[in-house]
Amino acid sequence: MTRNRALRYGGRTLALATTAIGMIASAVPAVAEEQPTTEQIMADCASGEGKCTFNAPEIGQAYLGEPRQVSELLYNCTSSPASQSMAWADTVGSSHSVGGSVTVGGGIEGIITASVTATYNYTWQSSRTETSTFTVSVQPGEVGWISRSQVMQQISGTWQTHYDDPKWGHYYWFVPDVVTGPAANGTDGKHNAVVVKSRKMTADEKKLCSTGATRGEVFTR
């Protein structure tokens, strides 16, 4: 069974009781043809057709994400060390295990935010943007750039749909999910990191230093 079809499901066998208490009365096996894909379930959650909730969210321990380049490259074509102030900008978004990225302002984002806020009184943000400037120092014949690592966190939970009329044979469908996204700087003692990195120029990059207007210059690209 593929991940897209690895869904848990429920049906109403006692319609009156289910309507009264607003919960699943029992779980009823469904044939494979009746099962939706996770993409279909998440699309209904995003559109509002599924009247979805993100149940029992659990926030994991914060960790420092992988470093990534956030500035232009600074080339030193001179024979002396060079330093230059460079601006950088970095936007880190969220993704979830069953549906790719979490769109800012979309229906999925709002449901996760409401669930986490209600459970932990914690304001979850699906995207964080930071900008600043940093001085980059580069040795002759090298390339420098600014790298940044964002504090990240995972939230696990289960999506639950509620349809007014049965869809794929049931009123309720359940999809486990793990949401990975940026956390506030300092969460669980973890801090964002901004560092300058450098490397030797490649053969093609050295050609840029020996021809044209870049000869004997420090330039960005």
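It should be emphasised that the depicted structure is a prediction, and the values quoted were computed from it without experimental measurement.
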Go through Arg199 and Trp145 one step at a time and tell me if the side-chain contact (heavy atoms from CB on, under 4.5 Å) criterion holds. CA-CA 9 Å; Arg199 60 169 172 80; Trp145 68 93; 3.7 Å; yes
What is the minimum heavy-atom distance between [X] and [Y], and which atoms define it?
X	Y	value
Lys190	Ala62	CG-O, 3.7 Å
Ala87	Thr133	CA-CG2, 3.9 Å
Tyr163	Gly50	CE2-CA, 3.6 Å

[X] side-chain N/O to [Y] backbone N/O, donor-acceptor pair under 3.5 Å:
X	Y	result
Asp177	Gly157	no
Asn76	Val138	yes
Asp188	Gln61	no
Thr53	Asn55	no

Residues Glu49, Lys167: salt bridge by 4.0 Å N-O rule: yes
In the structure I gave you, are the side-chain heavy atoms of [X] and [Y] within less than 4.5 Å of one another anywhere?
X	Y	result
Thr38	His96	no
Gln154	Thr180	yes
Tyr172	Gln160	yes
Arg221	Val143	no
Gln139	Pro81	yes

Do any side-chain atoms of residues 111-118 form donor-acceptor pairs under 3.5 angstrom with protein atoms, and if so which ones, sequence neighbours left out?
unit_1 : atom_1 : unit_2 : atom_2 : d
Thr113 : OG1    : Glu109 : O      : 2.9
Ser115 : OG     : Phe54  : O      : 2.6
Thr117 : OG1    : Thr113 : O      : 2.8
Thr117 : OG1    : Tyr122 : O      : 3.4

[atom1]-[atom2] distance between [X] and [Y], expressed to the nearest 0.5 angstrom:
X	Y	atom1	atom2	result
Tyr171	Asp164	OH	CG	9.0 Å
Phe134	Ser147	CZ	OG	11.0 Å
Lys206	Cys77	NZ	SG	11.0 Å
Leu64	Arg148	CG	CZ	9.5 Å
Met152	Glu66	CE	CD	10.5 Å
Glu142	Leu73	CD	CG	13.0 Å

Can you say whether the rings of Phe219 and Tyr75 are parallel (under 30°), tilted (30 to 60°) or perpendicular (over 60°)? parallel
Mind telling me whether His170 and Trp173 have parallel, tilted or perpendicular rings, with 30° and 60° as the class edges? perpendicular
Would you say Asp204 and Thr202 are linked by a side-chain donor-acceptor pair, where the criterion is simply a distance under 3.5 Å? no
State, without any angle test, whether Asn192 and Glu130 hold a side-chain donor-acceptor pair at a distance under 3.5 Å. yes
Option among Ser94, Pro57, Pro182 that satisfies the side-chain contact (heavy atoms from CB on, under 4.5 Å) test with Trp124: Ser94
As a test of understanding, state which of Thr161, Thr37, Ile108 forms a side-chain contact (heavy atoms from CB on, under 4.5 Å) with Met42. Ile108
When you group the ILVMFWY residues by side-chain heavy-atom contacts below 4.5 Å and let the links chain together, are [Y] and [X] in the same group?
X	Y	value
Ile155	Val98	yes
Val194	Val92	no
Tyr120	Val179	yes
Val178	Ile59	no

Atom pairs and distances, side-chain donor-acceptor, residues 99-106, under 3.5 Å, sequence neighbours left out:
none

Using the side-chain contact (heavy atoms from CB on, under 4.5 Å) rule, take Asn185 and His191 through it: C-alpha gap first, then chi angles, then the decisive distance, then the call. CA-CA 5 Å; Asn185 190 33; His191 296 273; 3.6 Å; yes
